[in-house]
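Have a look at the structure below before the remarks.
Worth saying up front: this structure is predicted, and the values here are computed from it rather than measured. What you see below is based on every heavy atom in this structure, not just the backbone, and it leaves out hydrogens, waters and symmetry mates.
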Amino acid sequence: MKYTDCPLFGLKSKKMLKHLLGVKESKFFKQNNVAEMVEPYIDRTGKPRLIEPPQSELKNVQRILKSSLGKIEVPGNVFSGIKGRSYADNARIHQSDHLRYLFKIDLTAFFPSIRRETVYRFFYKDLCCSPDVAEILANLTTIDVQKSNARNFQEIQAFLSEKKVNCTNHLISGAPTSQILSYLVNHDMFDEMQTLADKCGITMSIYVDDVTFSSENYISSYFKHAIFSIIQKYDYQVSIKKVKSYSKLYPKLVTGVIIDASGNLAIKNSLRRKIAVEQEHLYSNPEDGECRQRLRGLVTAARQVDRSAYPNIHRFAFSAPHLSTRAK
């Protein structure tokens, strides 16, 4: 990777860092202060997950930092928070003129498992920042949950324990910087997996905590166990429930996209149902702004898979409310 294109590369001055991030107050530079601007909680509306939303002021600084990190050129098969690359592109890379076997894994509680020390080491060693600048950048992008405005620290602690995560000072799960950093700070691990995949003639792609492999040839148990060993070496875990292998002729699900039995991309039925429900509701309630935003997001997601999908509903969702007419 070419780190020299990143404005943070070789940064030694805290004054220059302030200018780069557009901040005047030093409160952003101390992790205790950053922790107070985040309110972690366990979301139990579906499958329990740790949510760590930064306050808007902090989030704006993190967006600027994300833009700087986005200047780093990463491999074409990395889709973790990379501008211009989507979840559908991650599936598209596994399409071929010939049907393929596919193997996919999911890293358990990935963001909470990425230690602050790992993030600091990236800024210090890879981006060649001075120790104090690297410290500040780590402070901005990680959180010590014990020092945060957690709604219920005991509940979070129990959640992390259940996931076998033994650190509380980690990458902030709700920060704009976290997707791209999850790859950058762990590139050594992903590089090892890539080297093995290349050696075996296997295509690999990375979408945050989802790693997918495909090949025209059968993917062996030896390869799978070798991948597990690499992940274990870096102190991460694989969600065994989400490990999935597909034969050539079986439809495959890759980051929310179906690769059908013919090797073509298809929109998931669950997404189609959500679009139909929101469209029907918005037709009856054209002034419902929240519904309109949801429909826009859903249709946009569908059109990343199939760029020609839902032309009428797309027009309906993005038109002014008083101009909306029923779309099918």
Item checked: Inter- and intrachain pairs under salt bridge (Lys or Arg N to Asp or Glu O under 4.0 Å), touching residues 30-55, at least two apart -> Glu39-Arg151, Asp43-Arg49, Arg44-Glu155
Note to self: Does anything in residues 253-276 form a salt bridge (Lys or Arg N to Asp or Glu O under 4.0 Å)? List the pairs, not counting sequence neighbours.
What the structure shows: none
Notebook entry, point to check: Which class fits the ring pair Tyr3 and Phe122: parallel under 30°, tilted 30 to 60°, perpendicular over 60°?
Noted result: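 If you compare the ring of Tyr3 with that of Phe122, the planes turn out perpendicular.
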Report yes or no: do [X] and [Y] form a side-chain donor-acceptor pair below 3.5 Å?
X: Lys252; Y: Ser214; result: no
X: Gln237; Y: Ser113; result: no
X: Tyr234; Y: Glu192; result: yes

Donor-acceptor contact present, side-chain [X] to main-chain [Y], <3.5 Å:
X: Ser262; Y: Asn264; answer: no
X: Asn285; Y: Asp288; answer: no
X: Lys12; Y: Cys128; answer: yes
X: Thr168; Y: Val145; answer: no

Would a 4.5 Å heavy-atom cut-off, applied to side chains only, mark [X] and [Y] as touching?
X: Leu65; Y: Leu8; answer: yes
X: Phe9; Y: Lys71; answer: no
X: Phe316; Y: Asn312; answer: no
X: Asp126; Y: Leu184; answer: no
X: Asp5; Y: Ile72; answer: no
X: Asn152; Y: Ile156; answer: no
X: Val78; Y: Phe190; answer: no
X: Tyr87; Y: Phe79; answer: no

Under the rule for salt bridge (Lys or Arg N to Asp or Glu O under 4.0 Å), what residues qualify as partners of [X], not counting sequence neighbours?
X: Glu57; answer: Lys27
X: Lys18; answer: none
X: Arg63; answer: none
X: Glu278; answer: Arg294

Partners of [X] by ring pair (Phe, Tyr, Trp, His ring centres under 6.0 Å), sequence neighbours excluded?
X: Phe228; result: none
X: Phe103; result: Phe213
X: Phe29; result: none

So, taking the atom named [atom1] in [X] and the one named [atom2] in [Y], what distance separates them when rounded to the nearest 0.5 Å?
X: Ser319; Y: His314; atom1: OG; atom2: NE2; value: 10.5 Å
X: Thr142; Y: Asn169; atom1: OG1; atom2: CG; value: 5.0 Å
X: Leu11; Y: Cys6; atom1: CG; atom2: SG; value: 9.0 Å
X: Arg85; Y: Asn77; atom1: CZ; atom2: CG; value: 8.0 Å

Are [X] and [Y] connected, step by step, through hydrophobic side chains (Ile, Leu, Val, Met, Phe, Trp, Tyr) whose heavy atoms are closer than 4.5 Å?
X: Tyr250; Y: Val243; value: yes
X: Ile51; Y: Phe111; value: no
X: Leu69; Y: Ile82; value: yes
X: Phe153; Y: Tyr41; value: no

Note to self: Tell me if the CD atom of Glu73 is crowded by more than 12 foreign heavy atoms within 6.0 Å.
What the structure shows: no
Item checked: Greater than 12 external heavy atoms within 6.0 Å of Lys104's NZ -> yes
Next item on the list: Please identify each residue that fulfils side chain to side chain donor-acceptor pair (under 3.5 Å) with Tyr246, with sequence neighbours left out.
Entry: none
Next item on the list: Could you pull out all residues at least two apart from Glu117 that satisfy side-chain contact (heavy atoms from CB on, under 4.5 Å)?
Entry: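 Listed in chain order: Arg115.
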Check: Cation over ring, Arg296 on Phe318, under 6.0 Å and within 45°?
Finding: yes
Next item on the list: Show your reasoning for whether side-chain contact (heavy atoms from CB on, under 4.5 Å) applies to Leu102 and Ile219.
Entry: CA-CA 8 Å; Leu102 191 137; Ile219 299 175; 5.7 Å; no
Please set out all donor-acceptor pairs under 3.5 angstrom arising from side-chain atoms of residues 200-211, sequence neighbours excluded.
| from | atom 1 | to | atom 2 | distance (Å) |
| --- | --- | --- | --- | --- |
| Thr203 | OG1 | Arg100 | NH2 | 3.0 |
| Ser205 | OG | Asn90 | OD1 | 2.7 |
| Ser205 | OG | His94 | NE2 | 2.8 |

Note to self: To check you understand the geometry: which heavy-atom pair defines the closest contact between Arg292 and Pro286, and what is its length?
What the structure shows: NH2-O, 3.2 Å
